[in-house]
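In this chain, numbering begins with 1 at the start of the sequence shown. Not measured: the values here are computed from a predicted model. Quick note: numbers below take in every heavy atom, side chains included, and nothing from hydrogens, waters or symmetry partners.
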Amino acid sequence: MPNRIMTDEMRDDKTPDEVVVRAQPRQPVTDPTLGISVSVNREGTPQHRLVTIGDSLTHGFQSGAIFNTNLSYPAIIAWEMDWDEQFRHPLPYSGWGGLPFNMEALIRRLEQQFGDKLDWWELAGAVFSVHQYMADVEEWWERGPGSRIPNQKGINHNLAVYGWDLRDTLSRNADICRQLLQEPKDNLFRQIVENANERAALYVLDSARDPQGKALTPLEAAAELGKDGTHETGTGDGIETLIIFLGANNALSSVIQLKVAWSQDGYDDLDRKQQFTVWNPIHFKKELDEVVAQVKKIKARHVILTTVPHVTIIPLARGVGEKVAPGSRYFPHYTRPWISDRDFNPKDHPCITELEARAVDSAIDQYNEAITEAVRGARKDGLDWYLFDAAGIMDRLAYRRYIDDPLARPEWWTPYELPAELQALSPVPNSRFFTSEVVAGQAVRTNGGLFSLDGIHPTTIGYGILAQEFINIMQQAGVKFYLGDGRTERNGPVRVDFKRLIALDTLISDPPRSLSNQLDLIGWLDQRLKIFSRLLRRGA
């Protein structure tokens with residue numbers, strides 16, 4: 001059984017006193033209502049059936065880029081509601097695989113040029129091809145068609161922006177993002193689109209303005225939509241379901257940069273906060289309280305708040321060697337997945353330690369307790385708020401932490417049951433880093449499948465799992481789902497069409513052939529371009 005006793009040796013001495021470091025993980029909440037009943041006024045039909053606010057997970061980020069926004073989990077939900085034609089979201093970031101850098105697109109390009117395996121004598125040509133590709137990407141987004149923000153009518157229903165944390169969502173708007181755009185500069189050794197985050201944000205928020213043309217933050221934009229009221233009277237709740245999925249970026253940089261820098265004074269300043277990679281739980285709660293106060297002002301019939309997944313279980317942060325002890329969740333160090341156990345040296349390679357990983361997880365547990373209490377307080381006040389414990393879902397899918405190590409499983413842990421369509425795939429998708437190889441002339445996936453090639457964000461089927469969990473809560477709230485005619489109500493539990501998503505998921509339906517040596521290739525790309533350290537950072 002796992003060690004249930006907290007000892008001094010489990011605490012990193014750089015961890016703030018406010019972080020309650022624990023030997024055991026927080027037990028997830030399985031009842032979205034927290035056992036508190038609420039009487040819901042269902043008079044009239046809200047004009048906006050679904051509005052979402054969040055970060056990259058809600059924006060639809062995959063394999064290093066925001067690209068096809070039609071495959072985000074909010075778009076999947078809207079499709080199942082038969083409201084996809086009305087659901088406004090940022091137009092697809094179609095040029096050169098999206099922003100800032102689409103790993104799948106580049107790997108497929110190298111595959112076409114060099115075949116299934118990149119041999120040593122082809123490296124010079126590959127280097128030239130990569131730089132040419134990156135130059136083309138930069139040109140498209142910094143000076144070409146991608147630099148022109150689409151003229152979109154109406155405030156988007158998906159108001160998420162990749163890389164944004166609680167403070168960004170509270171304070172940033174399109175005008176601020178436009179002011180931050182700099183004159184692009186050519187740099188042979190730093191070929192990542194400059195200000196990619198601000199450019200992506202403008203696709204989302206440039207149309208988010210009040211009647212006087214004032215630029216709005218995502219929360220203010222949702223409030224503006226809520227004012228539209230119902231179809232029948234134009235009063236009351238203008239939004240039927242509002243999803244808030246924020247907070248991951250208040251800890252994610254700790255594993256993206258493999259550096260734990262706890263927030264201090266300046267955590268709530270748009271510029272100064274960039275030096276921090278994980279938020280002190282006290283600071284997180286202060287930011288959350290501001291978000292909750294603004295959400296309460298939005299005229300939404302149902303609100304779903306989502307917990308923060310444990311960032312230390314993503315496949316980009318690979319545990320080195322064996323776990324520190326039988327029954328432990330943790331490995332001695334976490335580094336990049338392409339650095340082998342044999343080659344790893346903590347003095348030479350980027351890494352975080354077991355103690356740092358435990359502290360980050362413990363802080364996230366405190367974030368999630370604060371989110372849970374926000375929902376509890378709202379329901380006690382008579383508001384129809386729900387909790388989606390995404391952290392619990394991810395923990396139940398964590399392969400190396402729990403699935404492959406029964407001794408580490410807490411008493412509450414049970415494996416997450418994948419939809420039948422995903423269980424029928426071979427191999428069954430899991431949370432490990434994606435790999436594929438050529439077998440009998442055919443490219444086949446050999447591992448992973450739930451995370452895309454950046455090792456952080458879901459594949460399309462992974463987004464389908466998120467969509468299914470939100471749909472389950474929405475049905476519990478009494479939200480109606482319709483067939484393709486928009487009139488016939490769907491009876492019984494609504495199931496996401498995973499056959500459709502499998503066909504649309506290129507990593508699943510048509511895996512790249514060259515990923516038999518994928519980890520070396522992605523590691524080589526990161527060494528040359530520093531992709532991951534700049535992946536979700538603003539101004540990069």
Self-check item: Trace of the side chain to side chain donor-acceptor pair (under 3.5 Å) decision for Arg401 with Thr312
Solution: CA-CA 10 Å; Arg401 177 164 292 188; Thr312 57; 2.9 Å; yes

Practice problem: With sequence neighbours left out, write down each residue that passes ring-ring contact (aromatic ring centres under 6.0 Å, His included) with Tyr367, or none if nothing qualifies. | Solution: Phe284

Practice problem: Return the set of residues passing side-chain hydrogen bond (donor to acceptor under 3.5 Å, both in side chains) with Thr307 (not counting sequence neighbours), or none when no residue passes. | Solution: Asp389

Self-check item: Beyond-backbone contact of Thr169 with Val161, side-chain heavy atoms, under 4.5 angstrom
Solution: no

Quiz prompt | With Tyr133 via ring-ring contact (aromatic ring centres under 6.0 Å, His included) - residues at least two apart | solution = Trp96

Quiz item: Looking only at heavy atoms, which two atoms of Asn158 and Val204 are closest? And how far apart?
Solution: O-CG1, 3.7 Å

Quiz prompt | Thr33 side chain reached by Gln476 side chain, heavy atoms, under 4.5 Å | solution = yes

Practice problem: Considering non-hydrogen atoms only, spot the tightest contact between Val496 and Ile471 and give its length. | Solution: CG2-CD1, 3.8 Å

Quiz item: For residues Ser263 and His283, is any side-chain donor paired with an opposing acceptor at under 3.5 Å?
Solution: yes

Practice problem: Check salt bridge (Lys or Arg N to Asp or Glu O under 4.0 Å) between Glu369 and all other residues, then give those that pass, not counting sequence neighbours. | Solution: Arg22

Practice problem: Report the residues that fulfil side chain to side chain contact (heavy atoms under 4.5 Å, CB included) with Asp268, sequence neighbours left out, ordered by chain and then residue number. | Solution: Arg167, Glu287

Self-check item: Val320 side chain near Arg318 side chain, heavy-atom distance below 4.5 Å
Solution: yes

Practice problem: Decide if atom CD of Glu322 counts as having more than 12 heavy atoms of other residues, nucleotides or ligands within a radius under 6.0 Å. | Solution: no

Practice problem: Kindly give the heavy-atom pair with the smallest separation between Gly455 and Ile314, and that separation in Å. | Solution: O-CB, 3.5 Å

Quiz item: Residues in side chain to side chain contact (heavy atoms under 4.5 Å, CB included) with Ser452, at least two apart?
Solution: Gln62, Ser63, Asp454, His457, Thr459, Leu507

Quiz item: Less than 4.5 Å apart, any side-chain heavy atom of Ile313 and any of Tyr402?
Solution: no

Self-check item: Asp31: partners by salt bridge (Lys or Arg N to Asp or Glu O under 4.0 Å), with sequence neighbours left out
Solution: none

Self-check item: Working for side chain to side chain contact (heavy atoms under 4.5 Å, CB included), residues Ile76 and Leu71
Solution: CA-CA 6 Å; Ile76 295 171; Leu71 299 180; 5.6 Å; no

Quiz prompt | Side-chain heavy-atom pair Ile502, Leu422 within 4.5 angstrom cut-off | solution = yes

Quiz item: Going through the checks in order, is the side chain to side chain contact (heavy atoms under 4.5 Å, CB included) test met by Leu316 and Arg336?
Solution: CA-CA 6 Å; Leu316 180 64; Arg336 299 295 186 224; 3.8 Å; yes

Quiz item: Only one of Phe67, Tyr463, Trp164, Tyr162 forms a ring-ring contact (aromatic ring centres under 6.0 Å, His included) with Phe61, so which one is it?
Solution: Tyr162

Exercise. Using the side chain to side chain contact (heavy atoms under 4.5 Å, CB included) rule, take Val311 and Ile364 through it: C-alpha gap first, then chi angles, then the decisive distance, then the call.
Key: CA-CA 9 Å; Val311 298; Ile364 290 174; 4.0 Å; yes

Quiz item: Counting heavy atoms not belonging to Asp343, are there more than 12 under 6.0 Å from its CG?
Solution: yes

Quiz item: Got Pro429 and Ile461 here, is their nearest side-chain heavy-atom distance under 4.5 Å?
Solution: yes

Self-check item: Non-neighbouring partners of Asp405 that pass side chain to side chain contact (heavy atoms under 4.5 Å, CB included), sequence neighbours left out
Solution: Lys323, Leu407, Ala408

Quiz item: Are side-chain heavy atoms of Asp165 and Phe276 found at a separation under 4.5 Å?
Solution: no

Quiz item: Looking only at heavy atoms, which two atoms of Ile66 and Tyr93 are closest? And how far apart?
Solution: O-CB, 3.3 Å

Quiz prompt | Sequence-distant partners of Phe388, ring-ring contact (aromatic ring centres under 6.0 Å, His included), two or more places apart | solution = Phe470

Exercise. Check whether any side-chain heavy atom of Tyr386 sits under 4.5 Å from a side-chain heavy atom of Val375, and report yes or no.
Key: no

Quiz item: Do you know which two heavy atoms are closest between Phe498 and Ile465, and how far apart they sit?
Solution: CZ-N, 3.7 Å

Quiz item: Is there a donor in the side chain of Thr15 and an acceptor in the side chain of Arg358, or the other way round, less than 3.5 Å apart?
Solution: no

Practice problem: Please name all residues satisfying ring-ring contact (aromatic ring centres under 6.0 Å, His included) with His310, sequence neighbours left out, ordered by chain then number. | Solution: none

Quiz item: Within a reach of under 6.0 Å around CG of Asp348, are more than 12 heavy atoms found that belong to other residues, nucleotides or ligands?
Solution: yes

Practice problem: Name all pairs fulfilling the salt bridge (Lys or Arg N to Asp or Glu O under 4.0 Å) condition that reach into residues 277-286, sequence neighbours left out, sorted by first residue then second. | Solution: Lys285-Asp289

Quiz prompt | Nearest non-hydrogen partners of Arg109 and Ser129, listed with the distance | solution = NE-OG, 3.6 Å

Practice problem: List for me each residue that meets salt bridge (Lys or Arg N to Asp or Glu O under 4.0 Å) alongside Arg379, sequence neighbours excluded, and say none if there are none. | Solution: Asp384

